[in-house]
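This report refers to the structure that appears directly beneath it.
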Amino acid sequence: DAARGRDQLVELAAGPAGAVAAWALAVDAFARRDTAAARRWQDVVARTDSEGGALQPMLDALRAASVGQPDSALRISESALAGDSAGYARDAFVRATLHLLRGEWQLAAGRPEAADRSWLWYENTDAVGWPNAEAQPADVDWALSTWARARRAALASRAQKRGDACALGRRVLDVWRGAEPPTALVADSLRAALAGCPT
């Protein structure tokens with residue numbers, strides 16, 4: 001499935017509005033630690049960025065994070081926060097990814113409270129007008145907020161904040177009931193970590 005998705009993104013990246021597809025391919029390449037592919041797609045984004053300049057700083061930040069520089073990644077990605085509103089962000093996936101990544105970088109820099117705050121972005125979202133497109137920002141935030149809640153539950157558990165961990169974890173496990181295998185692995189791990197939660 002992942003390979004098929006990459007092939008479709010490659011086709012989209014070759015089109016007139018391919019910057020976001022190239023950006024997604026670069027993010028994927030960084031996640032797979034494929035620096036050559038990441039550099040190739042980052043070059044495409046640099047030539048075609050149509051998101052008002054938000055895509056390139058995020059990729060530069062990913063590059064810094066990939067070599068163990070989370071503070072640099074946070075500093076570099078700050079300019080992308082200018083579009084931090086569901087009503088102003090041009091692409092809801094870019095916005096959500098920014099907050100998810102910044103949370104990871106805050107955690108890597110030893111600031112779990114800041115990571116938790118970054119992963120709260122989904123509580124500040126609005127539906128804009130009536131549904132008239134494939135995905136509203138609020139829809140994207142809702143879908144990706146489950147992953148953020150899972151990360152927040154793990155943080156709360158590590159910090160011995162049992163009540164918070166249990167509340168967040170219960171919501172995640174409710175949404176991920178019957179999840180596909182990769183998500184089910186995360187859910188199973190979370191379920192084990194929260195075994196002592198009251199029902």
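- At least one side-chain heavy atom of Glu104 sits less than 4.5 Å from a side-chain heavy atom of Trp119.
- Considering CZ of Arg151 and OG of Ser145, their distance stands at 15.0 Å, rounded to 0.5 Å.
- Between Asp188 and Arg191, at least one side-chain N (NZ, or NE/NH1/NH2) sits under 4.0 Å from a carboxylate O, which counts as a salt bridge.
- Between Tyr122 and His99, the closest side-chain pair of non-hydrogen atoms is not below 4.5 Å.
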Carefully, step by step, assess Arg39 and Asp34 under the rule side-chain contact (heavy atoms from CB on, under 4.5 Å). CA-CA 9 Å; Arg39 192 174 302 112; Asp34 184 345; over 6 Å; no

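- Annotation: side chain of Arg149 is not in contact with side chain of Val175 (no heavy-atom distance under 4.5 Å).
- For the side-chain contact (heavy atoms from CB on, under 4.5 Å) test with Trp147, the passing option among Val172, Leu100, Thr183 is Leu100; the others fail.
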Test salt bridge (Lys or Arg N to Asp or Glu O under 4.0 Å) on Arg95 and Asp141 and set out the steps. CA-CA 9 Å; Arg95 175 179 183 259; Asp141 286 348; 2.7 Å; yes

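- The two residues Gly169 and Ala153 come nearest to each other via the heavy atoms N-CB, 3.9 Å.
- Of all the heavy atoms in Leu194 and Cys166, the pair that sits closest is CD2-N, 4.5 Å.
- Remark: Arg40 does not engage Asp43 in a salt bridge, criterion side-chain N to carboxylate O under 4.0 Å.
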Which is it for Leu59 and Val27 under the side-chain contact (heavy atoms from CB on, under 4.5 Å) test, yes or no, and what are the steps along the way? CA-CA 7 Å; Leu59 294 179; Val27 171; 4.0 Å; yes

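- For the atom pair OG1 (Thr97) and CZ (Arg102), the distance works out to 13.5 Å, reported to the nearest 0.5 Å.
- To the nearest 0.5 Å, the span separating CZ on Arg117 from CZ on Arg111 amounts to 9.5 Å.
- Of all the heavy atoms in Ala29 and Ala38, the pair that sits closest is CB-N, 3.4 Å.
- If you chain together hydrophobic residues whose side chains sit under 4.5 Å apart, Leu101 and Leu25 never meet in one group.
- Around the CG atom of Asp174, the shell of radius 6.0 Å holds more than 12 heavy atoms that belong to other residues, nucleotides or ligands.
- Hydrophobic clustering keeps Phe93 apart from Trp41 (ILVMFWY residues linked when any side-chain heavy atoms are closer than 4.5 Å, directly or through intermediates).
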Between Asp28 and Arg32, does a salt bridge (Lys or Arg N to Asp or Glu O under 4.0 Å) hold up when you go through it step by step? CA-CA 6 Å; Asp28 172 66; Arg32 291 183 292 111; 2.9 Å; yes

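- Note: the hydrophobic cluster containing Leu144 does not contain Leu9 (ILVMFWY, side chain heavy atoms under 4.5 Å, direct or indirect links).
- Minimum heavy-atom separation, Arg162 to Ser157: NH1-OG, 3.8 Å.
- For the pair Pro57/Ser77, no side-chain contact is recorded, criterion being any heavy-atom separation below 4.5 Å from C-beta on.
- Inter-residue side-chain proximity for Trp105 and Ser118 is flagged as unmet; no heavy-atom pair is nearer than 4.5 Å.
- Atom CZ in Arg75 sits 8.5 Å away from atom CD in Gln69 (nearest 0.5 Å).
- Heavy atoms only, all atoms of each residue included: Gln42 and Phe30 are closest at OE1-CZ, 4.2 Å.
- Transitive grouping of hydrophobic side chains (ILVMFWY, heavy atoms separated by less than 4.5 Å) keeps Val10 and Val20 in distinct clusters.
- Between Leu168 and Leu155 there is no side-chain heavy-atom pair separated by less than 4.5 Å.
- Met58 and Ile76 are not part of a single hydrophobic cluster, where members link through side-chain heavy atoms under 4.5 Å apart.
- Checking Gln106 against Asp116 by side-chain atom types alone, no donor-acceptor pair falls below 3.5 Å.
- For the residue pair Ser66 and Arg33, no side-chain donor N or O sits within less than 3.5 Å of a side-chain acceptor on the partner.
- The nearest pair of heavy atoms linking Ser72 to Ala64 is CB-CB, 4.0 Å.
- A salt bridge links Asp1 with Arg4; the closest basic N to acidic carboxylate O contact falls under 4.0 Å.
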